[in-house]
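To keep things clear, I will list the structure first and then write my remarks on it.
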Amino acid sequence: MFRGDNSHSLSYEQQAKFIQDRISSVEKNFGELCVGFGDYTRKTARLRDMGDELSKIIKEYANNEIVNKSLSAGLDNLSITLTAVEEYRNCEVQRLEAKVIGELCQYESICKHAREELKHTMNVREKEMSRKKVLDKAKERQPFNRQQVTYAESELLKASAEMSRTAKGLSEQTEFFERRKLQQLKTLLSDFVMIEMTFHAKAMELLSVAYQQIADINEKADLENFKRKLRSPEKQVSTGISVRSSSLASLLNQQSPLKDEDSMRMGKLRSPENNNLSNKARSSSLAALMNHSSSKEEDTSDSDGSTDHSTSEETESR
């Protein structure tokens, strides 16, 4: 870099122009990447919030359903599963913000620093050229004034030595800038793909559970219950939910397929202080929902027994 004595190398000005173009290119492209990933993350965060709202609506429907007990149980379990999906989506948002957008945002200051280094080198180069002009004028106008010529020569030597040190430093800085750009871009793109793969794998696992929960809704039993309610509307049908699906609990308790390192990162990123994108409080925790489901199971078992007993009395009277 900046090897002016080599006839096969680029001139100082050409080399400086090349470095300037590289810095400008990185600044432009990384800026556009930062904007693109930022928009993607914000839309994902909005989708997470909409998923929380949908889960809440389904939960309210389950609580208000007093006739179709199987439907009520299915809706309640579906709400829990969708809440778990949005928890993983929230983790996806936080990891994108920390591992992708955060790295891209740093390049504004990195490019600014590289441009300042290049400007400093060119100032030193101009100083060297001005010292050379002074020496040439001294030799031309006062060739026999050895004191002035010697002084001009010493000043030129100092400027040349400073230029040599500065050019060497700039060469090392420029190479480091290019190497770091390649390594960090490769890393953050790999992180982006891994974050997306992790989320979609967990989402597929949970949505498979949700599909089974929907399939477990017994429409025939709910219809029979509706007919009984229609024949004796004064009898209050239990509002409890019958049998809960334990598939979600077992799924959440089983060993995560993530590596330990990714699990630790995920745990850190789900902490409240790292959530900079969410503008409202997260929905109830998964543990609270699971505890609520367990308490309803006990109420359901009691209510089911009383309902069956009253039904048998009605049959005997008829």
Side-chain angles (χ1 to χ4, degrees), residues 47-92 199-257 282-315 318:
L47 182 59
R48 172 204 61 197
D49 296 338
M50 293 170 64
D52 284 339
E53 284 298 318
L54 177 60
S55 243
K56 182 179 177 182
I57 293 170
I58 295 174
K59 178 71 175 177
E60 290 177 354
Y61 186 2
N63 292 337
N64 295 332
E65 179 56 60
I66 63 174
V67 175
N68 299 327
K69 295 186 292 183
S70 174
L71 176 62
S72 180
L75 291 174
D76 192 70
N77 287 328
L78 178 62
S79 172
I80 295 173
T81 307
L82 292 181
T83 299
V85 172
E86 298 314 319
E87 287 294 332
Y88 279 107
R89 200 188 303 275
N90 181 56
C91 180
E92 174 195 13
F199 166 71
H200 285 91
K202 295 305 298 183
M204 179 62 70
E205 188 176 353
L206 290 171
L207 291 174
S208 299
V209 174
Y211 184 85
Q212 185 58 48
Q213 290 167 345
I214 296 171
D216 289 340
I217 296 175
N218 191 336
E219 61 269 25
K220 292 182 179 180
D222 285 348
L223 184 59
E224 288 299 323
N225 196 40
F226 170 75
K227 291 178 180 179
R228 287 194 298 269
K229 172 66 177 176
L230 186 62
R231 287 194 297 267
S232 55
E234 70 280 358
K235 297 286 186 180
Q236 293 295 326
V237 180
S238 173
T239 59
I241 300 173
S242 58
V243 180
R244 300 290 184 184
S245 172
S246 61
S247 56
L248 179 60
S250 61
L251 172 63
L252 294 175
N253 291 329
Q254 68 181 354
Q255 180 66 30
S256 173
R282 299 289 296 153
S283 59
S284 300
S285 66
L286 222 46
L289 288 174
M290 295 304 297
N291 291 335
H292 178 65
S293 299
S294 299
S295 64
K296 277 196 173 183
E297 286 182 16
E298 298 177 359
D299 295 341
T300 300
S301 60
D302 295 339
S303 61
D304 286 345
S306 61
T307 302
D308 293 340
H309 181 68
S310 61
T311 303
S312 62
E313 289 180 353
E314 290 176 8
T315 304
R318 286 197 297 271

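What you see is a predicted model, and the numbers here were worked out from it, not measured in a lab. Worth knowing before you read on, the calculation uses all heavy atoms, side chains too, and leaves out hydrogens, waters and symmetry mates.
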How close do [X] and [Y] get, heavy atom to heavy atom, and via which atoms?
{"X": "Arg48", "Y": "Glu86", "value": "CA-OE1, 3.2 Å"}
{"X": "Ser72", "Y": "Ala62", "value": "OG-O, 2.7 Å"}
{"X": "Lys229", "Y": "Val67", "value": "CG-CG2, 4.5 Å"}
{"X": "Asp222", "Y": "Lys69", "value": "OD1-N, 3.4 Å"}

Please report the interatomic distance [atom1]([X]) to [atom2]([Y]), rounded to the nearest 0.5 Å.
{"X": "Ser70", "Y": "Glu224", "atom1": "OG", "atom2": "CD", "result": "13.0 Å"}
{"X": "Leu223", "Y": "Lys227", "atom1": "CG", "atom2": "NZ", "result": "4.5 Å"}
{"X": "Ile80", "Y": "Leu206", "atom1": "CD1", "atom2": "CG", "result": "12.0 Å"}
{"X": "Arg89", "Y": "Cys91", "atom1": "CZ", "atom2": "SG", "result": "12.5 Å"}

Of all residues at least two apart in sequence or in a different chain, which pass the side chain to side chain contact (heavy atoms under 4.5 Å, CB included) check with [X]?
{"X": "Ile57", "value": "none"}
{"X": "Lys220", "value": "Asn218"}
{"X": "Leu207", "value": "Leu82, Val85"}
{"X": "Tyr61", "value": "Glu65, Leu71, Leu75"}

Determine whether Asn63 and Glu60 satisfy the following criterion, side chain to side chain contact (heavy atoms under 4.5 Å, CB included), listing intermediate values before the conclusion. CA-CA 5 Å; Asn63 292 337; Glu60 290 177 354; 5.5 Å; no
Any Lys/Arg nitrogen of Lys56 or Glu53 sitting under 4.0 Å from an Asp/Glu carboxylate oxygen of the other? no
Do Val209 and Gln212 have side-chain heavy atoms sitting under 4.5 Å apart?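 When only atoms from C-beta onward are counted, Gln212 and Val209 do not touch, as no gap falls below 4.5 Å.
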Only one of Asp76, Asn77, Thr81 passes side chain to side chain donor-acceptor pair (under 3.5 Å) with Gln213; say which it is. Thr81
